[in-house]
Participant: 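Sharing a structure here in structure tokens format.
Just so we're clear, the structure is a prediction, and the values are computed from it rather than from any experiment. We count ligands from 1, going down the list as the structure has it; atoms in each ligand are counted the same way.
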Amino acid sequence: MEFSTQYVAPEKIKTAALAVGVFADATLTPAAQAIDQASKGSLKAVLAAEFKAAAGATLTLRDLPGVAAQRVVLVGLGKADELTARRYATVLSSAASALAAFGNKEAASALVEVEVAGTSLRQRARQLALATTGAAYRYDATFGKPDADTANAFAKLSVATTRADSREVQAGLREGSAIGNGTNLARNLGNLPANICTPTYLAETARKLGAQHKFKVEILERKQLEALKMDSFLSVAKGSDEPPRFIIMQYQGGKPAGRGAKAAAAAAPIVLVGKGVTFDSGGISIKPAATMDEMKYDMCGAASVIGTLQAVAELQLPINVVGLIPACENMPSGRANKPGDVVTSMSGQTIEVLNTDAEGRLLLCDALTYAERFKPAAVIDIATLTGACVVALGHVNTGLFTQDDELAGKLLDASKQAVDPTWRMPLEDEYQPQLKSNFADIANIGGPPAGSVTAACFLARFTKQYRWAHLDIAGTAWKNGKDKGATGRPVPLLVQYLIDQ
Ligand code: BES
Ligand code: MN
Ligand code: ZN
């Protein structure tokens, strides 16, 4: 998707379709007003007769007299005092779909001028680009016939603005476009079936991304993981015939690690750790069959890390970011973990595997120990970790777990800005006794109460050396039902957080 700006009078914009906003009380935004005047009151007439301008509703008008655009798409904004950043994002998504509905390759939008409480112009431009890039997403990797339309697909949006605003709008569009591309990459990886998107495939994707954007990518294989003593991660991997991979991506946009404590602090990277279980059958503690296919999405944490690194590289952000991905399958076999097995993590702590389906934490704990060597400014892990998080928060909010109030504040702020909803969950040491084992330092499950919290408590034991937060995306990484598909969340949140650094 290509974005540009223009500052000509709205009625003179030559395009297949132009989006303008109108409020539910029939108030016209400035662009709508210009179109209405040029076309001798056509918009006001339509608003009186048939269009109620509910938030996200659209109506397309053709060949308006005095208007250069072939079509004008009226976009409902609802009531002005109810137009929040969140509602504005959904309005932009439906506007994007409506603009692309005519087999046209390009369109124009005058929706950044809409005043939305608590948002900046740059943020609105960012949201516009993100929503448009998202609406243009198509999954076509595994159909017999490729979509004939892809060659002629909607690929250009021109954004109407003023000369004075155009710099801010361009900056926002550039950010939103990169976030959208990163989100779409994460969606693609998530949607690919597990027989294609294997640990090896994830590693190759990361390697290509690094080659394209000139950042360092290292792939560790089984032998090297054995040498590192990542026996917790390997205990999960050994149940599958598919070889495991440990992916290390190092984007250096900031200062190199110079000499002295001050230089080291300035160069300290933010480390993102993504759960990369390319298929989670549950292992010997096998899952029920009904929705097991959805466990191809159990690598969406990994996908979000790859998508975020792509966006960071595309934006050339002046910071250092490391992406770590432990990737394997969780399968039942003669070599798989058995309930009651005790494994030794890279940290030296032993773990009793009481349920082989609580495998995510067994991968992540070793990756979190590995993260220590980067002397990180902060570590954030992203994982489809627990069904309990879906019970707690549903499919709306990602769960945020951290004992670090400052880091929590920054992530929640980024979540708001990016309209990528996140809710802070508790993480007190009082939950730790649930993880007591009679046969090892720690058990890998904490029983039914507060399952998403005890999972986070498990991870907390491996994160003592740095500032850390955990995002449980089990409910938000994909949609089920008729719109089944990956969302790419929380790429918007992560990229926004990194932009803010
Ligand atoms: N990948 C699953 C979590 C999951 C389940 C995400 C359903 C999204 C939807 C994870 O590996 C898992 O199986 N967790 C178990 C933990 C339990 C055994 C303590 C779960 O949530 O049931
Ligand atoms: Mn599992
Ligand atoms: Zn899992």
Side-chain angles (χ1 to χ4, degrees), residues 190-191 194 197 199 202 232-233 235-237 239-240 242 244 273-304 325-332 336-341 351-367 381-399 401 425 431 434-437 442-459 470-481 484-487 489-490:
N191 286 332
C197 187
L202 283 179
S232 180
F233 171 29
S235 77
V236 178
S240 168
E242 204 58 66
V273 180
K275 173 178 174 183
V277 175
T278 57
F279 190 75
D280 179 12
S281 70
I284 298 297
S285 314
I286 199 160
K287 287 181 181 294
T291 56
M292 202 199 272
D293 68 289
E294 292 183 18
M295 283 298 115
K296 71 172 183 179
Y297 289 118
D298 213 18
M299 36 53 71
C300 283
S304 76
I325 296 171
C328 70
E329 281 183 344
N330 185 25
M331 297 292 276
N337 270 332
K338 301 170 290 296
D341 283 2
I351 304 163
E352 186 183 14
V353 182
L354 285 170
N355 188 318
T356 67
D357 197 10
E359 85 297 342
R361 59 199 82 179
L362 298 178
L363 279 61
L364 289 171
C365 67
D366 283 344
D381 79 75
I382 307 99
T384 47
L385 200 62
T386 64
C389 192
V390 190
V391 175
L393 297 174
H395 302 287
V396 177
N397 280 291
T398 292
F401 301 78
M425 296 281 283
Y431 292 95
Q434 283 180 241
L435 293 171
K436 186 182 161 358
S437 159
I442 182 171
N444 82 326
I445 54 169
S452 66
V453 183
T454 52
C457 282
F458 180 98
L459 300 179
H470 157 61
L471 294 169
D472 194 333
I473 56 168
T476 53
W478 76 92
K479 290 183 180 156
N480 41 32
K484 190 190 270 188
T487 60
R489 290 175 65 183

Participant: Given Asp381 and Lys275, is the salt bridge (Lys or Arg N to Asp or Glu O under 4.0 Å) satisfied, shown in steps?
Facilitator: CA-CA 8 Å; Asp381 79 75; Lys275 173 178 174 183; over 6 Å; no
Participant: I'd like the name of whichever of Gly360, Ala477, Cys300, Gly387 reaches closest to atom 20 (C) of ligand 1 through any heavy atom.
Facilitator: Gly387
Participant: Looking only at distances, can you tell me whether any N or O atom of Asn355, backbone or side chain, sits closer than 3.5 Å to an N or O atom of ligand 1?
Facilitator: no
Participant: Does Asp357 put an N, O or S atom under 2.8 Å from the Zn ion (ligand 3)?
Facilitator: no
Participant: For Glu294 and ligand 1, answer yes if some heavy atom of the residue is under 4.0 Å from a ligand atom, otherwise no.
Facilitator: no
Participant: With carbon and hydrogen excluded and only N/O/S kept, which atom of Glu359 is nearest the Mn ion (ligand 2)?
Facilitator: OE1
Participant: Looking only at protein heavy atoms, which one is nearest to atom 2 (C) of ligand 1, and what is the separation?
Facilitator: Asp280 OD2, 3.6 Å
Participant: Can Trp478 be said to touch ligand 1, with heavy atoms closer than 4.0 Å?
Facilitator: yes
Participant: So is Asp298 polar-close to ligand 1, meaning N/O to N/O under 3.5 Å?
Facilitator: yes
Participant: Would you mind listing which atoms of ligand 1 come within a distance below 4.0 Å of any non-hydrogen atom of Thr386?
Facilitator: 3 (C), 21 (O)
Participant: Using the Zn ion (ligand 3) as the apex, give the angle to atoms OE2 (Glu359) and OD2 (Asp298), rounded to 10 degrees.
Facilitator: 100°
Participant: Answer with yes or no whether the side chains of Ser285 and Asn355 bring together a donor and an acceptor at under 3.5 Å.
Facilitator: yes
Participant: How many angstroms lie between atom CG of Leu354 and atom CG of Asp341, to the nearest 0.5 angstrom?
Facilitator: 10.0 Å
Participant: Taking all heavy atoms of Thr454 and all of Tyr431, pick out the closest pair and write down the distance.
Facilitator: CG2-O, 4.2 Å
Participant: Give the atoms of ligand 1, by number and element, whose distance to some non-hydrogen atom of Ile445 is under 4.0 Å.
Facilitator: 19 (C)
Participant: With distance as the sole test, does Asn337 use its side chain to make a donor-acceptor pair with the main-chain N or O of Thr356 at under 3.5 Å?
Facilitator: no
Participant: If the cut-off is 4.0 Å to any non-hydrogen atom of Ala474, which atoms of ligand 1 fall inside it?
Facilitator: 6 (C), 8 (C)
Participant: Checking only N/O/S atoms, does Leu385 have one that is under 2.8 Å from the Zn ion (ligand 3)?
Facilitator: no
Participant: Relative to atom 7 (C) of ligand 1, which among Met295, Glu359, Met299 owns the nearest non-hydrogen atom?
Facilitator: Met295
Participant: Just so I know, are the side chains of Leu459 and Phe401 near enough to count as touching, which here means a heavy-atom distance under 4.5 Å?
Facilitator: no
Participant: Start with the C-alpha gap between Glu359 and Glu329, add the side-chain angles, then the distance that decides, and say whether side-chain contact (heavy atoms from CB on, under 4.5 Å) holds.
Facilitator: CA-CA 10 Å; Glu359 85 297 342; Glu329 281 183 344; over 6 Å; no
Participant: Arg361 and side chain to side chain contact (heavy atoms under 4.5 Å, CB included): which single residue from Thr386, Ile442, Val236 fits?
Facilitator: Thr386
Participant: Out of Lys275, Arg361, Met292, whose heavy atom sits nearest atom 16 (C) of ligand 1?
Facilitator: Arg361
Participant: Please state which part of Leu385 comes within less than 4.0 Å of ligand 1, counting heavy atoms only: side chain, backbone, both or neither.
Facilitator: backbone
Participant: Considering only N, O or S atoms, which atom of Asp280 is nearest to the Mn ion (ligand 2)?
Facilitator: OD2
Participant: What angle sits at the Zn ion (ligand 3) between OD2 of Asp280 and NZ of Lys275, to 10°?
Facilitator: 180°
Participant: Using every non-hydrogen atom in the two residues, find where Lys436 and Ala443 come nearest and quote the distance to one decimal.
Facilitator: O-CB, 4.0 Å
